[in-house]
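Written below as structure tokens is the structure these notes are about.
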Amino acid sequence: MVLQWWKPFRSLACSLTASRFLFHIQTGRGKLTSSSQRLYFGTKGLRKWSPLTWYNEMLEKHPIRTKCITSGVLFAMGDFIAQKTAAGKNSSLDDKRLLRAIIYGSGTAPLAHVHFNFLEWLVVKKIAFRASFVPFVKMFIDQFGYWAPCITAVYHVSMGVMEGLTYNETMDRLKTLYWPTLKACWMIWPAVMIVNFRFIPVAHQLNFCLAVSLVWATILSVIRASEASHVKEIESIDAISITNYSVEATQQ
């Protein structure tokens, strides 16, 4: 009985709320992005909330902040997978290494955001290449111009600083790992970037790379960790050699 009494009032309340919402949009009192309009209105009236729609709305409102968080999360996932893959599922997690991956992923997202927008301005608007050439020109600049060589150096230098290495140790590590990392980059990213620049809108190109970077972050972590373990092994061997030499000298 109570439910039957409530139904007309519930319908009236919904109608008034929707009418007021439309009035605010039409008069300019309420500003909604295209994502928000798709969220609330459609051919069947009000729509339910979805994570993808919410994420796209945040990407429109706060692009850099959203990409920083997304990049940090994906790099953390990549490092987590790398740690479990290299050391085994039962091994303990290196929290400091995981934190370094998060800081690097979040810190380089604004640079990548500017990079993709700069490529769009340079290749499409400034030089105005033919549409069929645009993905290949962008890929060449991205991989063999300034981005891939520079970001590879940024990765190893920033990791050296966060690991507490000295300047000389960081430079030695960079000289050792720079070329293997760049070769690994060129085995994956040229094909990925052609697909990215051909089919993905500029606003979502970084997100596409972040999805692929889940695999790439795992590769970077494995490369970095393998070199670090190799250095520790050499240091332990040197320490044992020095100890043995001291003992022999004492006996003599």
Between T166 and E169, is there a donor-acceptor pair closer than 3.5 Å when you use the side chain of the first and the backbone of the second?
yes
Between CG on residue D79 and CG on residue L98, distance to nearest 0.5 Å
5.5 Å
List the atom pairs, donor and acceptor, that lie under 3.5 Å between side-chain atoms in residues 182-190 and the rest of the protein, sequence neighbours left out.
unit_1	atom_1	unit_2	atom_2	d
W186	NE1	Q143	O	3.2

Rounded to the nearest 0.5 Å, what separation is found between the NZ atom of K175 and the CG atom of D172?
6.0 Å
Side-chain heavy-atom pair V137, F197 within 4.5 angstrom cut-off:
no
Given the rule that I, L, V, M, F, W and Y join up when any side-chain heavy atoms are under 4.5 Å apart, are Y167 and V154 in one cluster?
yes
Quick check: closest heavy atoms across T66 and L59, and the distance to 0.1 Å?
OG1-N, 3.9 Å
Residue pair A153 / L174: nearest heavy atoms and the distance that separates them
CA-CD1, 4.0 Å
Would you say F136 has more than 12 foreign heavy atoms packed within less than 6.0 Å of its CZ?
no
Y178 side-chain N/O to P149 backbone N/O, donor-acceptor pair under 3.5 Å
yes
Can you give each donor-acceptor pair under 3.5 Å made by side-chain atoms of residues 116-131, sequence neighbours left out, with the distance rounded to 0.1 Å?
unit_1	atom_1	unit_2	atom_2	d
N117	ND2	H113	O	2.7
E120	OE1	K138	NZ	2.5

Nearest heavy-atom approach of T170 to H156 is CG2-O, 4.3 Å
Those residues at least two apart in sequence (or on a different chain) that pass ring-ring contact (aromatic ring centres under 6.0 Å, His included) with Y146 are H115
Following the transitive rule for hydrophobic clusters with a side-chain heavy-atom cut-off under 4.5 Å over Ile, Leu, Val, Met, Phe, Trp and Tyr, establish whether I69 and I64 coincide in one cluster.
no
Find the distance between CD (Q83) and OG (S92) and round it off to the nearest 0.5 Å.
8.5 Å
Starting from F199, can I reach F208 by hopping between I/L/V/M/F/W/Y residues whose side chains sit under 4.5 Å apart?
yes
R97 vs R100 side-chain heavy atoms within contact, under 4.5 Å:
yes
Value rounded to 0.5 Å, distance of CE in M58 from CG in N56:
10.5 Å
With the 4.5 Å side-chain cut-off for hydrophobic clustering, are M139 and V114 part of the same group?
no
Find the distance between CZ (F80) and CD1 (I102) and round it off to the nearest 0.5 Å.
12.0 Å
Keeping S71 on the side-chain end and C68 on the backbone end, is there a donor-acceptor pair under 3.5 Å?
no
Linked, directly or transitively: M162 and L111 (ILVMFWY side chains, under 4.5 Å):
yes
Are any of the side-chain heavy atoms of E163 and R173 separated by less than 4.5 Å?
yes
Tell me the closest heavy-atom pair linking C209 and N196, and the distance in Å.
SG-ND2, 3.3 Å
Measure the shortest side-chain to side-chain distance between I103 and F75 over non-hydrogen atoms and say whether it is less than 4.5 angstrom.
no
What pair of heavy atoms forms the shortest contact from S132 to P135, and how long is it?
O-CD, 3.8 Å
